[in-house]
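Structure, as structure tokens:
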Amino acid sequence: MAKSSFSFSIEDSTSNQMSLTRKHYPFPEFEPRWQQHWVGTQVFRASNPGDPDFRPGAKKYFVLDMFPYPSGDGLHVGHVEGYTATDILARYHRLKGDNVLHPMGWDAFGLPAEQYAIKTGQHPRITTERNINNFRAQLQSLGFSYDWSREISTTDPEYFKWTQWIFLQLYNAWVNPLTNKAEPISTYTGSDPDSVRLAYVSNKPVNWCPELGTVLANEEVVDGKSEVGGFPVERRPMRQWMLRITSYAERLIADLDGLEWPESIKLLQRNWIGRSEGAEVRFEIEGVDASVTVFTTRPDTLFGATYLVLAPEHPLVEAITNTGQLKAVTSYKKACSSKSDLERTDLAKEKSGVFTGAYAMNPVNHERIPIWIADYVLTGYGTGAIMAVPAHDERDHEFAVAFDLPIIPVVTTADAFEGCFCGEGIAVNSGFLNGLQTLEAKAKIITWLEEKGLGQGTISYKLRDWLFSRQRYWGEPFPIVWENGSHRALSHEELPVEPPEMEDFKPTGTAEPPLSKASEWVRYAETAQRELNTMPQWAGSCWYYLRFCDPKNKDRFISAEAEQYWMGSQGTTGGVDLYVGGTEHAVLHLLYARFWHKVLFDLGHLTTPEPFQRLVNQGMILGDDGQKMSKSRGNVVNPDEVIAEYGADSLRLYEMFMGPLEHGKPWSTTGVEGVYRFLARVWRLAMTENHEGNYILSEDLAEQELTNAQRRMLHATIKKVTHDIESLSFNTAISQMMICTNEFTTAKPRPLEALRLFLPLLSPFAPHLTEELWSRLSTKFSGFDGLASQSQWPQWNEEYLTVDEISYAVQINGKVREHITVSVSADKETVEKAIFSNPSVAAHLEGKEIKKVVVVLGRLVNIVVVG
RNA sequence: GCCGACUUGGCGAAAUGGCAGACGCAAAGGACUUAAAAUCCUUUAUCCCGAAAGGGGUGUGUGGGUUCGAGUCCCACAGUCGGUACCA
């Protein structure tokens, strides 16, 4: 920012008058004025069915931003990019007459506020409120057309009351395997409802982060370290709430097909869910009345299985280990459990493991094969046990080589390979499978296993159930109490469960959550205590898009009418019409929200199966050095400073002009100056400075018929901007508006009709400038009634786009040699005739033999010659 | 390792298989001005021939292919940036 000609910035801030005269156009005066007007008169309020001003004929358009976490750092230029894109769409659809829902709110629970509170002693509610006020002011200073009457915060008891209510829906539901849908738990007829609830308690090992004093979801652990802060994470068993998202794995994959999402994001979700088809095979254990079931994707290689490996935590390990190996097995298990995930990953290069002393029988050939334990087999995936086929699996191969275990090839291929071969081929050394292709062999062995009752075809998923509790203060408390060691739900009437007022919410240093210190709050009744965990930050963002449809509803999380209207299908699979946000939420937020939505859909609370019909990821804005913006690099651009220097419209327009929305792109301050100059040129289309230095309407303006060229330019611009907005190609829409503006800057007199058509086109991009010009023009001329924000999107007329003559490029062997102008109505023969009668074309063809002539009407002619 | 995205002037970029570089930035020259800023006009991929007007060659990461014609489609390779990582 220091660079450039603005060396009087100190004076600017002390003398308002100075700064006003120095700007290319007086945005510091009118931008705040219009922002106040829009907010004050609720210009962008959306009406719901049943509201007095509701227009039943209007199409609905729900355009949503990923709502921000209101951090203390304030708004980032990256926020501005996505929010400007959606604002353009919202304003465009309003001008087209649609009923537009464009809301904003705050994802305000979360660890940073709590950690800041611990450091400063201020209650997170205070800092959160302050940050929200700051964020709201910043968003309003950009002129975003949100319906502020629908503002919500996840920390508001009126909001999290319903977050807790949805949790109870999950708690009180199960997935009926017959229908594959969630149903009320009352339809479950088994003996142990707690074992099938969608929200359940688990004591399995979880990701515990001692530094943060909380457990984390798998998704929040990166390379064995916490995603937030990068602290080491270890695995330890703890009593935790889990959500049974795995019951929805299949549908979460299948329903991606109908969504207008980037293919790369769909792929990311598919990979995360990690569906793999294979088989479970049962191996009898020698000398013990037990069997091990393994999961494999290559049942066709069963004849090549030369040993089994169990995860160290596998429940059978103790029962099968023989006395001779007991010591080795116990110490290996201990070593594994004390290792953090980080160490386990670090040591992954060397395979380790120990022999249990037990043997299993390979069901196909009755071979006696040893059973090992090793930490390269994970307890949470498949059955926690594998059959090792070292000839055809790299990990098994490496392990077999390290521990000198037999390697039997059972698949051949014509291609040469080194070490082990993992691809598909022809089965050998495999008894009744010999000679079969891998695909056929798989089918045959699965049938065989199923007939003999030794196993069956099955599908396994990488996706794990969602660890849903955190040991934090600043989150939604669970609507659960414990009594005599068992849990039960609170009734709807007892919601919301608000967190207790606490002075000290520091981590306890143990696995006990901070809420344990609020002893009065914890004591629910004589014999009942409240659940001490809180929900993760994702909870609030899982359903906020629904609440925006009906934010003030006291009786329901969303009314049926509002849900059907705003989330309704209108010919698509339904949901939010456009959702814009960063790729960082590709698997976490977007998967969790889809899961909750499907549960609520199954239970009859919603009418569509997916929340977000169309998703677009904005690219990252980099510093002017091409690196990711960060405080340590010192390349962070502060939106407030850009607004002060060039205005909100310039910032909005620049971020849209930088390049395609989806791409990452580096910041350039001189680039901002470029669009700033463009906006100043638009200003001067209508305004001029008088002798006193005041802006007045330009004398060049006149009720003057457009020339054909001017009309063509305007209508071409309407057409291109319309198409480009719908395809989110904002950069090319802006360049077309620049071309159009340049055409009119020199026009004298300047037809007012041009401004009547042009200003609405620009208004979604630069709403303040267009509003101001519209208003000033209305003082003297007709056709500028009301607000520009509430005017009409113009319609182009194809007739005006036509031209009389077209310049054809004449290519000879693909190289352009001449340009020849021909009437637009000329047919193929006429064009050919015109070209061959041209003397300079003839000169090029001198002494050559014409092999072929290609005429592309309206574009070019290619003459293929030899010689 | 695996998966994905990307690669076009000095820079950000544009181009339904049809005249590559629109639009903007930066740079250079000019007009206006006492001067500057602002504004306006002109030039600007690159090499060669020419005093000039003009003409010709080469060019979209690299190498092949399809086509009358490829930045765009196909194959192989390289580089950059994301994501992921013993998932059997």
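Within every chain, numbering begins at 1; the chains are lettered A, B, ... in the order of the sequence lines, protein sequences first and strands thereafter.
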Searching all strands shown, indicate the nucleotide that pairs with rG61(B) (Watson-Crick or G-U wobble; both distances under 3.5 Å).
rC77(B)
So, is the end of the Lys351(A) side chain (NZ or CZ) under 6.0 Å from the ring centre of Phe403(A) and within 45° of the ring's axis?
no
Hey, does Asn742(A) reach any base, or is it just sugar-phosphate, or nothing, if we go heavy atoms under 4.0 Å?
sugar-phosphate
Are the ring centres of Phe730(A) and Phe657(A) closer than 6.0 Å?
no
Base, sugar-phosphate alone, or nothing: which one does Asn731(A) contact when heavy atoms must sit under 4.0 Å apart?
sugar-phosphate
Any strand is fair game: report the nucleotide pairing with rC86(B) by Watson-Crick or G-U wobble, both distances under 3.5 Å, or none.
none
Mind checking who rA35(B) pairs with, Watson-Crick or G-U wobble, both distances under 3.5 Å?
none
Nucleotide paired to rU42(B) in any strand shown, Watson-Crick or G-U, under 3.5 Å
rA28(B)
Kindly indicate whether the side chain of His819(A) and the base of rC19(B) share any N or O donor-acceptor pair separated by less than 3.5 Å?
yes
Mind checking Leu268(A) for me? I need base, sugar-phosphate or nothing, with any heavy atom below 4.0 Å counting as a touch.
sugar-phosphate
Give the rounded distance in Å between these two atoms: CD of Glu584(A) and P of rG4(B).
22 Å
Base, sugar-phosphate, or nothing: which does Ser276(A) touch, judged by heavy atoms less than 4.0 Å apart?
sugar-phosphate
Does Glu689(A) come within less than 4.0 Å of Arg684(A), counting only side-chain N to carboxylate O?
no
Round to the nearest Å and state the distance from Arg681(A) atom CZ to rC41(B) atom C1'.
13 Å
